[in-house]
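Keep in mind that the numbers below use all heavy atoms, side chains included, and drop hydrogens, waters and symmetry copies. Below, read A as the first sequence line, B as the second, and so on, with proteins coming before strands; counting in each chain starts at 1.
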Protein chains: 2
Amino acid sequence: MAVESAEPGTTRPGGRTARVREAVLRAAGDALAEQGFAHLDLADVARRADVGKTTVYRRWGTVTGLVADLLKDMAEQSLPRTETGSLLGDLKANARLVHRTLTDPRQGELFKALIAAATCDTRTADALHHFYRTRIEEWAPCVRQAVGRGEVPAGTDPHEVIRAVSAPLYYRLLASGDPLDQAAADRAAEAAAAAARAGAYVRHAAPEGMTGQARTEDSQQADG
Amino acid sequence: MAVESAEPGTTRPGGRTARVREAVLRAAGDALAEQGFAHLDLADVARRADVGKTTVYRRWGTVTGLVADLLKDMAEQSLPRTETGSLLGDLKANARLVHRTLTDPRQGELFKALIAAATCDTRTADALHHFYRTRIEEWAPCVRQAVGRGEVPAGTDPHEVIRAVSAPLYYRLLASGDPLDQAAADRAAEAAAAAARAGAYVRHAAPEGMTGQARTEDSQQADG
DNA sequence: CGCTAAATGAAACTGGAGTCCCGTTATGGC
DNA sequence: GCCATAACGGGACTCCAGTTTCATTTAGCG
């Protein structure tokens, strides 16, 4: 009882504390990639990190708490963006980067586990959303440049375009299970570019003509 | 020891066995929607279903095994498809159906849990893939009709178009956390229709002109 | 340097998820 | 309707994930 002087690791974050965090997060990533979210055991993570299991339980408490911290760590590592001079080229570079990550044996399984963990806990979900917001913002400039070059209509939402590139690849990874090959990545980029050119991602649905007309009332059955 | 006369529930699938299965699957869906995949406890499912916990453990064994059976059951329930006469209208109807499902308090959480479970077990993943294959095939005809009407190029892959409608919605639900509103659903349908019209989903990448050119070699950094 | 307490770690402990045993129910075949 | 046995259910049991305790190490500060 009494107020537990905040979280452990906050008042003395240097030296050993930092080394422990690094080792544990690395071990957690390995374990998640190898065994998946469901079979993750914090004692096993502690063993891999060569750290007392008490420490892991005290600082992170739960599997989702540990994943949330791992995501926070991953979000801080920024990466270079490629520039090719055309929207399609840039989107294709992005698509192939995502494709390479998701098909990499370790990273692909890791991302599946991260997403699974995020479905079970709101704090973890927040960390995941922040991670993707960061990545999407990193690539958004290529769409703004395309707007500047006149490749796509003014008002095009950059985030929407970048999401449109990743979405089909994640859908295959997580839901449909369809082959996740480079052709799929290229098609995702091409489709996003084509839709962007056609004005499908213009913000604030144009008042007339361009966006929605079909006002059909549809069935009441629910499905995904 | 000895050969365990196959799975329980196979030689006498009628009467009580069927009632138990129905009650357990319903309870499992409720529990998954309420507590998520991580906190699912088979004893709790048994309690909700008013069934002995021994029965649940004997017939399904693990959480993922139960989810796999739930998915098998869900895949068998076919649903009506709406027809509006235009590709955009049909895709929008599909998008709104998916949107309504994923934003429904129970169904949305349930689908998140199902996908999380599928990341942890290959049999469950197979069941999930089969579920989506069924749904995608159910809606594929609207693309074939659009090809027939000349709305989209011949050779357009119907499955690819249908996936393109759902993908951005699932990406928001599971990864980015961006708002999952009806406008997003409509935009997903419009983008898929625009890309399809532009020939982005033509099968077997046309030998020249239409699909890939940018052969840029990109960075070696990995990311999603 | 040397002191204080934040943070770690080894080991004992505990509660509940999952297993096992065996008696009871009721399905499917005749 | 009757029998053999597939399937169910209550309850005891086990085992290990997660907690608690307390001694040891070391970061931070003067």
(message) For D:dG9 and B:T55 - does any side-chain N or O of the residue sit under 4.0 Å from the phosphate oxygens OP1/OP2?
(response)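 Checking D:dG9 against B:T55, a side-chain N or O does come within under 4.0 Å of OP1 or OP2.
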Keeping [X] on the side-chain end and [Y] on the backbone end, is there a donor-acceptor pair under 3.5 Å?
| X | Y | answer |
| --- | --- | --- |
| B:D90 | B:E83 | no |
| B:R81 | B:E138 | yes |
| A:R172 | A:L180 | no |
| A:H159 | A:E137 | no |
| B:R59 | B:T17 | yes |

(request) Return the value, rounded to whole Å, for the distance between atom CH2 of A:W60 and atom C1' of C:dT8. (result)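 Taking atom C1' of C:dT8 as the reference, CH2 of A:W60 is at 11 Å.
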(message) I need the CZ-P distance between B:R59 and D:dG9, as an integer number of Å.
(response)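 In whole Å, D:dG9 P lies 10 Å from B:R59 CZ.
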Under 3.5 Å, side-chain donor or acceptor atoms of residues 113-130 of chain A against the rest of the protein: list the pairs with distances, not counting sequence neighbours.
unit_1: A:T119; atom_1: OG1; unit_2: A:A116; atom_2: O; d: 2.6
unit_1: A:D121; atom_1: OD2; unit_2: A:R123; atom_2: N; d: 3.2
unit_1: A:D121; atom_1: OD2; unit_2: A:T124; atom_2: N; d: 2.9
unit_1: A:D121; atom_1: OD2; unit_2: A:T124; atom_2: OG1; d: 2.8
unit_1: A:T124; atom_1: OG1; unit_2: A:T64; atom_2: O; d: 2.9
unit_1: A:H129; atom_1: ND1; unit_2: A:A125; atom_2: O; d: 3.3

(request) Mind running a 4.0 Å heavy-atom check of residues 18-47 of chain B against DNA chain D and sending the residues that fall below it, in number order? (result)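 Within this stretch, B:V20 sit under 4.0 Å of the strand.
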(message) On a heavy-atom basis, which atom in B:Y132 and which in A:S176 lie closest, and how many Å separate them?
(response)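 In terms of heavy atoms, the two residues are closest at CB-CA, 4.0 Å.
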Under 3.5 Å, which protein N or O atoms sit close to an N or O of nucleotides 28-30 of chain C? Give each pair with its distance.
unit_1: C:dG28; atom_1: OP1; unit_2: B:G14; atom_2: N; d: 2.8

(request) Determine, stepwise, if the pair B:E22 / B:R19 fulfils salt bridge (Lys or Arg N to Asp or Glu O under 4.0 Å). (result) CA-CA 5 Å; B:E22 190 182 11; B:R19 280 197 304 279; over 6 Å; no
(request) Show the numbers, then the answer: is there a side chain to side chain contact (heavy atoms under 4.5 Å, CB included) between B:L66 and B:L42? (result) CA-CA 9 Å; B:L66 179 55; B:L42 293 197; 3.8 Å; yes
(message) Measuring from atom CG of A:D30 to atom CZ of A:R48, what distance do you get when rounded to the nearest 0.5 angstrom?
(response)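 That separation rounds to 6.0 Å.
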(request) Supply the atom-to-atom distance B:I136 CD1 to B:F131 CZ, rounded to the nearest 0.5 angstrom. (result)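 Those atoms lie 10.0 Å apart.
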(message) So for the helix from C:dC1-D:dG30 to C:dC30-D:dG1, with five pairs setting each end axis, what is the inter-axis angle to 10°?
(response)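 Comparing the first five pairs with the last five, the axes sit 60° apart.
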(request) Hey, which sits more toward the 5' end of DNA chain C by its nearest nucleotide, A:G52 or B:T17? (result)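 So the residue in question is A:G52.
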(request) Mind checking side-chain hydrogen bond (donor to acceptor under 3.5 Å, both in side chains) for B:R47 and listing every partner two or more places apart, or none if nothing turns up? (result)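 Counting only residues at least two positions away or on another chain, B:R47 forms a side-chain hydrogen bond (donor to acceptor under 3.5 Å, both in side chains) with B:D44.
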Hey, what are the protein-to-nucleotides 19-25 of chain D N/O distances that come in under 3.5 Å?
unit_1: D:dT25; atom_1: O2; unit_2: A:R16; atom_2: NH2; d: 3.3

(request) I would like to know whether A:T134 and A:E76 meet side chain to side chain contact (heavy atoms under 4.5 Å, CB included); could you show each step before the answer? (result) CA-CA 9 Å; A:T134 306; A:E76 281 161 12; over 6 Å; no
